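Have a look at the structure below before the remarks.
Counting from 1, the numbers follow the sequence of the chain as shown. Keep in mind the model is a prediction, meaning the values are calculated, not measured.
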Amino acid sequence: MRKIFSSIQYMDKKRIQYTCMEFLSWATLAAISFNVVLLREKGYKNTVIGTIMFVVAFSNIFAKPFWGVVSDRIRSVKKVYIFCMATSAIIFLLLPFAGSAVLLTGLILLIFNFFSSPLNPLLDSWIVHGISNSRDISYGAMRL
């Protein structure tokens, strides 16, 4: 009986932990939605904003597979996820210091996106791998 109760507590703890990580990931990445507003507030023209956002979005083509390969090589999605999350947070904090320099702002957003864009796929992989042995935990419910 004690073993069953311990197993249930472990499943609940794991479910809460992964649900909180999922929520934190989505909350952190919500800042990306305001990039255009930020650039407009800095006084950039629409063509400059469009060019910066194109380059930032184009980097997704390379960033996600790159970090996936890195996590496969070092055999740890968790380490790559934590590294990318910490690095993107630090880079995002540099954004106000770019001032009105278009090139610097674009470069900071590009680097930020390179580290932040793979966060959701990495987290999905980490969670699915972590709950693969648990039949009582629904990944869809956690994500919801």
Side-chain angles (χ1 to χ4, degrees), residues 3 6-144:
K3 187 175 181 180
S6 174
S7 174
I8 292 171
Q9 280 184 325
Y10 175 72
M11 294 301 169
D12 286 341
K13 181 179 177 184
K14 203 174 202 183
R15 184 178 318 172
I16 291 169
Q17 177 186 22
Y18 284 136
T19 302
C20 288
M21 287 172 43
E22 190 77 38
F23 175 76
L24 250 167
S25 174
W26 286 105
T28 304
L29 295 177
I32 294 172
S33 303
F34 296 101
N35 284 345
V36 173
V37 175
L38 174 79
L39 295 173
R40 189 161 296 183
E41 286 293 318
K42 286 189 174 220
Y44 299 152
K45 295 181 180 179
N46 289 338
T47 53
V48 173
I49 293 171
T51 304
I52 290 173
M53 294 312 295
F54 166 74
V55 171
V56 167
F58 189 72
S59 72
N60 284 343
I61 295 171
F62 304 104
K64 291 177 184 180
F66 173 78
W67 290 113
V69 168
V70 169
S71 70
D72 289 345
R73 290 269 168 105
I74 67 170
R75 298 183 190 268
S76 177
V77 175
K78 180 180 178 179
K79 288 178 184 176
V80 173
Y81 177 84
I82 291 170
F83 174 75
C84 285
M85 177 69 92
T87 306
S88 64
I90 291 167
I91 292 170
F92 190 73
L93 292 175
L94 296 176
L95 200 53
F97 299 108
S100 61
V102 176
L103 190 58
L104 185 58
T105 302
L107 186 63
I108 289 172
L109 285 175
L110 175 68
I111 295 169
F112 169 74
N113 190 62
F114 187 77
F115 286 98
S116 67
S117 66
L119 290 177
N120 279 340
L122 288 171
L123 183 61
D124 288 346
S125 177
W126 182 10
I127 291 173
V128 168
H129 181 71
I131 65 171
S132 62
N133 297 331
S134 308
R135 296 179 190 236
D136 297 341
I137 301 177
S138 167
Y139 174 66
M142 265 192 280
R143 207 154 184 213
L144 177 67

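Rounded to the nearest 0.5 angstrom, M85 CE and L122 CG are separated by 10.5 Å. Here L110 contributes atom CG and F58 contributes atom CZ; the two are 11.0 Å apart, rounded to the nearest 0.5 Å. A distance of 11.0 Å separates CZ of F115 from CG of N113, quoted to the nearest 0.5 Å. Here CG of N35 is found 7.0 Å from CZ of F112. Values are rounded to the nearest 0.5 Å. Remark: L119 CG to K64 NZ distance equals 10.0 Å, nearest 0.5 Å.
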Output a table of donor-acceptor pairs, distance under 3.5 Å, between side-chain atoms of residues 68-84 and any protein atom two or more places apart or on a different chain; print 'none' if there are none.
unit_1 : atom_1 : unit_2 : atom_2 : d
S71    : OG     : W67    : O      : 3.4
S71    : OG     : G68    : O      : 2.9
S76    : OG     : K79    : N      : 3.1

Sequence neighbours excluded and cut-off under 3.5 Å, please list the side-chain donor-acceptor pairs for residues 48-57, or say none.
unit_1 : atom_1 : unit_2 : atom_2 : d
T51    : OG1    : T47    : O      : 2.7

Evaluate the criterion side chain to side chain contact (heavy atoms under 4.5 Å, CB included) for residue pair N46 and R40; output intermediate values, then yes/no. CA-CA 8 Å; N46 289 338; R40 189 161 296 183; 3.2 Å; yes
Mind running side chain to side chain contact (heavy atoms under 4.5 Å, CB included) on I91 and T87 for me, showing each step along the way? CA-CA 6 Å; I91 292 170; T87 306; 3.7 Å; yes
Just do the side chain to side chain contact (heavy atoms under 4.5 Å, CB included) check on L109 and L39 with the steps written out, would you? CA-CA 10 Å; L109 285 175; L39 295 173; 4.0 Å; yes
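The 12-atom threshold is not exceeded at CG of L103, counting heavy atoms of other residues, nucleotides or ligands nearer than 6.0 Å.
For the pair P121 and S117, the tightest heavy-atom approach, listed with the atom from each and the gap, is CD-O, 3.7 Å. For K42 against G99, the heavy-atom pair with the smallest separation is NZ-O, 2.7 Å.
Applying the side-chain hydrogen bond (donor to acceptor under 3.5 Å, both in side chains) test to pairs two or more places apart or on separate chains, those with a residue in residues 103-112 are Y44-T105.
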